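Worksheet for the structure shown next.
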Amino acid sequence: MIQYSSLILIYIVIYISYRSSFKFKGAIILATTIPLEGREDFDILDIGKKAELKLVICLLFFSLTAFSLLYIESLRLTLGIYFLHIFLPYITIVFIIKKAIEDVRKIKKERGWNRPVSKTINIDTKLSLIGRKMALSWKYMLIPLAITLVSIIDSFYYNRFSQGLRFSFISIQVIFLILCLLLFYIYKKQPTKVYVENYDINLKVNMVKKGNSTRIIFKFSTVGSFVLAILSLWYSFNIYNFLPIYIAVFMILAFSLGMFFIINSEEDRIYKLLDREEIIADEDDQYYDVFGYKNPYDSRLFVPARIGQKMEINRGIFLGKVYIFSTYFILTIALIGALVFTGGEIDYSLEEQGLKINANMYSQFIDFKDIESIKLLEKLPSDQVIRVNGVGLDSVSYGNFSIKGIGKVKLYYYNKTNSVIEILSKNETPIFLNLKDKESTEYLHKRIYEGWRAHEKN
Amino acid sequence: MKFKINLESETPVFRQIRNSIVMGIAEGLLLPGEQLPSVRDLAQDTGLNPMTINKAYNLLKTEGFIVTDKRKGSFISREIERDEKSEADFIEKLQLLLVEEFILRKSKKEVLNLCNKLLEGF
């Protein structure tokens, strides 16, 4: 209920902050400056109204689908759906606004409301023809898509992961792939523009903007998905199982930031190329895009927003870049952290050689030959349990803990079950584990005990 | 070939596109068989309405300046031919223009000189 309410609150804030973008704020509507004679233009006002309506429908739709949060018990699934209901509306809104901005600017051009310098539209048939081929084809993105799909299918087929770990790992792979596909789409769809009179410079600028960006995204997404696929194979070796997920999280953070950073540096090259030329493109087109404001010639960090909030960051200057990168960094960590490091289910599988405990990052294998004793207790030896590192939720606790009177222990413990199995092993910290109810825990104890005794006899 | 569309001109945008392409062919900037960008690409790059560009392309196609293949795109015609009706229309328009010019200049020679000057470079 709290999560659902917070989502509704977020949607209301989104609506309030974006609402003003669809109406004239001075001379500006949808990040586009319109001269006085166009302020009552029916078509422009209509685009604003329709875009606002689409925004409302989008938010209402997600408010309805968010109802599912009230009926889901799994914490991980709840978090996944929660974050999806934050990110998906944002992505949808970006597309709604992008389309509306394009429509308004199209009308602005057709009505001849561009600034005096660009009362004309510059067309270069050769450039437009080449421009189409500058960006990489979608076919290339099938490579990272195929690598990710094969890796996911493989992880299901060979069943290397515990249930929770598989979900975490697949989440990382899918998030990374979606991010790459979205970026690829945005850069591929950039128009080929005539910025200056010089054809060669126009060619270079467009090549940097469309060609280089899509190539960078393709390289990063292919290498990234390949490394993630290799990391998923790590679990076959069953050693240092906690490592791959850390490496994967670190890698996609580094890759995502690296990709943004390199594309940004490439965009800076555009401005250097254009530096000595007289720019003939409209200012709206040049400095305002769907991501906001980027003008290296403007030293202000905060500029009045044309879309959404009151102020926005100028991505064209160093401080602006740092600010934007840090924000993306924190958001990505929060998203991945919530999906990967929060509690999943604990499950056990009894094998010939021992007991395999699947508990996300704290999965482990207890060899029968190392076990010294197995006991069924009614509760933990002490109520004073301190978490060292691991998951400690209302329903479940697992990872490294410390119990008063015993010291360091490993816990795989459903807090509401009145039964727990204690396993003492050679050179290992004591392990306490149970299942969701007393009967299942007793049955598990019986099976582990029988397995251990049978192994001892052999 | 690079050209400009004047948004303040009284000539409609589609006609300006058509005229610029015809001039480009005459000046040799657009060669026979050369491909033109698709309607969709040109609309996306210029921000113009695809219908406007489509109208210009259709006009050029009707007049025989370009040929369009649904799969490959639009190309400058290798052999530009004019049918009898178009030829008659053209002669009528040209005659009117020449007559108007003759009335103003009052000299056939001056009109011819002007025509020669305009045709230089083609």
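Below, chains carry the letters A, B, ... as their sequence lines are ordered, and counting in each starts from 1. What you see is a predicted model; the values in this text were computed from it and never measured. No hydrogens, no waters, no symmetry mates; every other heavy atom, side chains included, goes into these values.
Partner of A:F184 under the ring-ring contact (aromatic ring centres under 6.0 Å, His included) criterion, out of A:F218, A:W138, A:F220: A:W138 alone.
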When you look at A:K50 and A:D46, which way does the salt bridge (Lys or Arg N to Asp or Glu O under 4.0 Å) test go after all the steps?
CA-CA 6 Å; A:K50 278 182 183 163; A:D46 193 44; 3.2 Å; yes
A:M134 vs A:T214, test: side-chain contact (heavy atoms from CB on, under 4.5 Å). Steps then yes/no.
CA-CA 9 Å; A:M134 280 177 184; A:T214 47; over 6 Å; no
Going through the distances and angles, do B:Q16 and B:F3 end up as a side-chain contact (heavy atoms from CB on, under 4.5 Å)?
CA-CA 10 Å; B:Q16 288 186 55; B:F3 59 91; over 6 Å; no
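Each of A:D124, A:L127, A:D103 has some count of heavy-atom pairs under 4.5 Å with chain B, and the biggest count is that of A:D124. Each of B:Q35, B:E34, B:M1 has some count of heavy-atom pairs under 4.5 Å with chain A, and the biggest count is that of B:M1. In terms of non-hydrogen atom pairs under 4.5 Å with chain A, the most contact-rich of B:L36, B:I21, B:L48 is B:L48. Ranked by heavy-atom pairs shorter than 4.5 Å toward chain B, the options A:I123, A:N206, A:L129 are led by A:I123.
Neither the backbone nor the side chain of B:S9 comes within contact range of chain A; no heavy atoms are under 4.5 Å apart. Looking at B:P12, neither its backbone nor its side chain comes within 4.5 Å of chain A, counting heavy atoms on both sides. Contact annotation for B:L29: neither backbone nor side-chain heavy atoms come within less than 4.5 Å of a heavy atom of chain A. Proximity to chain A involves both the backbone and the side chain of B:N49, based on heavy atoms less than 4.5 angstrom apart.
Taking the six-membered ring where tryptophan is involved, the planes of A:Y185 and A:F95 are tilted, since the angle between them lies from 30° to 60°.
Applying the 6.0 Å contact sphere to NZ of B:K55 captures no more than 12 heavy atoms from other residues, nucleotides or ligands.
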